[in-house]
Amino acid sequence: MDRTKNKYIKTAAVTSITGNLILAGAKITAGILSGSGALTADGIDSSADVVISIVTLAVVRIISKPADAKHPWGHGRAETIATAFLAFILFFMGAQLIINSASDLISGGAREVPSFLAIIITLVSIAGKIFLAYSQYILGKRADSQMIKANAKNMAGDVMISLGVLAGLIISSLTGSAYSDMIIALLIGFWIIKTAVGIFLEANLELMDGNSGTEPYRVIADSVKSVEGASNPHRARMRRIAGFWDIDFDIDVDPQTTVFEAHNIASRVEAEIKSRLENVYDIMIHVEPGGDKSGENETFGLSENEMMK
């Protein structure tokens with residue numbers, strides 16, 4: 001994959017590691033000193049973000065490797081696999097928080113109301129997470145990286161978590177009871193699991209060579225229509241490899257067309273697609289003589305009608 005993409009991913013990872021290390025250390029320390037289980041849980045969530053960013057840096061080294069005999073499509077799938085792996089990390093972190101928080105609530109042991117230090121650190125955390133979420137979103141968009149975009153979404157969720165922690169701390173201070181803080185810690189665990197499931201489903205869609213909609217296929221159909229001599233795009237398949245499109249489909253040409261002319265038609269269709277669709281890794285166009293019915297019973301790929309839905 002290109003060097004610019006790798007540079008953006010590295011920058012995103014380093015920014016995330018630095019920011020989350022500072023926030024995690026501050027929240028866990030303040031959570032322990034102030035007696036806030038919710039703030040400690042929020043700090044543990046930030047620690048997970050550090051692990052995510054370290055894995056991201058490792059993935060950059062893998063996806064930057066050129067294609068070889070064992071991996072003719074390159075190593076871009078490592079990013080998708082890592083995204084799914086990170087979803088599992090988040091899921092088990094959230095599950096552990098739920099178990100610990102539920103245990104505290106069920107035991108009903110008396111706990112002190114968290115001190116004002118917890119509120120100060122939470123406010124700092126909200127500001128820091130907003131910055132990190134925005135930076136990850138911008139870098140993920142520029143790199144067109146599913147992994148970085150997933151991390152940006154995770155950090156945006158972290159802002160909501162910190163707002164929930166802040167609300168719990170304020171309620172605890174006003175009521176003189178630590179139960180709201182314990183409940184917020186429990187809810188944070190459920191939020192982390194919800195985020196993990198969403199990230200996994202997106203990664204799984206790419207691993208299964210699926211797409212969230214037919215809009216990219218419409219680009220293929222429109223491109224074929226715009227090229228004279230090309231018609232009936234069918235058996236179309238598109239998949240993402242580390243943010244890049246791998247495209248395969250058939251077109252019909254006049255049966256009397258020479259091989260040279262058919263090749264030029266296919267080349268114009270390819271150029272048209274690349275002008276309309278960003279981040280194209282490869283396009284494979286199979287040319288068929290118009291009216292040929294030999295492939296009608298093949299069950300893979302989308303027909304022109306399905307592409308236009």
Side-chain angles (χ1 to χ4, degrees), residues 7-57 86 89-90 93-94 97 101 112-143 145 147-175 178 180-196 198-199:
K7 184 183 75 172
Y8 284 134
I9 293 177
K10 285 181 180 179
T11 302
V14 171
T15 302
S16 177
I17 289 174
T18 303
N20 281 301
L21 268 176
I22 294 172
L23 291 177
K27 286 188 282 190
I28 292 174
T29 301
I32 293 172
L33 293 176
S34 66
S36 171
L39 185 57
T40 303
D42 195 8
I44 293 172
D45 179 52
S46 292
S47 299
D49 293 336
V50 175
V51 176
I52 289 173
S53 300
I54 292 173
V55 172
T56 299
L57 279 177
L86 297 177
I89 293 177
L90 287 174
M93 294 280 284
L97 285 175
S101 301
E112 295 183 1
V113 176
S115 68
F116 189 66
L117 173 65
I119 295 178
I120 296 175
I121 295 300
T122 301
L123 288 171
V124 172
S125 170
I126 291 171
K129 281 294 184 178
I130 290 174
F131 167 76
L132 288 174
Y134 181 73
S135 66
Q136 295 294 298
Y137 171 76
I138 294 298
L139 291 168
K141 189 174 181 180
R142 289 178 179 175
S145 167
M147 184 167 52
I148 300 302
K149 289 178 182 177
N151 201 23
K153 184 183 295 186
N154 175 44
M155 290 188 189
D158 290 345
V159 175
M160 300 303 297
I161 288 175
S162 294
L163 286 171
V165 171
L166 181 62
L169 291 171
I170 292 174
I171 293 172
S172 292
S173 297
L174 293 176
T175 61
S180 62
D181 181 74
M182 297 161 68
I183 292 171
I184 291 296
L186 180 67
L187 294 176
I188 288 174
F190 282 111
W191 180 277
I192 293 173
I193 284 181
K194 176 180 177 296
T195 301
I199 291 173

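As a basis for the values below, the full set of heavy atoms in this structure was taken, side chains included, without hydrogen atoms, waters or symmetry mates.
- Nearest heavy-atom pair across I32 and T40 is N-OG1, 3.7 Å.
- Of all the heavy atoms in L139 and I148, the pair that sits closest is C-CG2, 4.3 Å.
- Residues A30 and I121 approach most closely at CB-CG1, 3.5 Å, considering heavy atoms.
- Residue M155 forms a side-chain contact (heavy atoms from CB on, under 4.5 Å) with just one option from T195, I130, N20, and that option is N20.
- The two atoms that bring T15 and T11 nearest to each other are OG1-O, 2.8 Å, heavy atoms only.
- In this structure, CG in L169 is found 5.0 Å from OG1 in T122, a value given to the nearest 0.5 Å.
- Of the possible donor and acceptor atoms, one in the side chain of S135 sits under 3.5 Å from a partner among the backbone N and O of L132.
- Note that CD1 of I120 is 11.5 Å distant from CG of L166, once rounded to the nearest 0.5 Å.
- If you take CD1 on I89 and OG on S47, they are separated by 12.0 Å, rounding to the nearest 0.5 Å.
- In plain terms, the two heavy atoms of L33 and L117 that are nearest each other are CB-CD2, 4.3 Å.
- The two residues A152 and A133 make their nearest non-hydrogen contact at CB-O, 3.9 Å.
- Taking CG of L123 as the start and CG of L163 as the end, the distance is 9.5 Å to the nearest 0.5 Å.
- Between the CD atom of Q136 and the CZ atom of F131 there is a distance of 9.0 Å, given to the nearest 0.5 Å.
- A search for side chain to side chain contact (heavy atoms under 4.5 Å, CB included) contacts involving A143 returns K5, Y8, I9, S145, not counting sequence neighbours.
- Side-chain atoms of K27 and S125 include a donor-acceptor pair closer than 3.5 Å.
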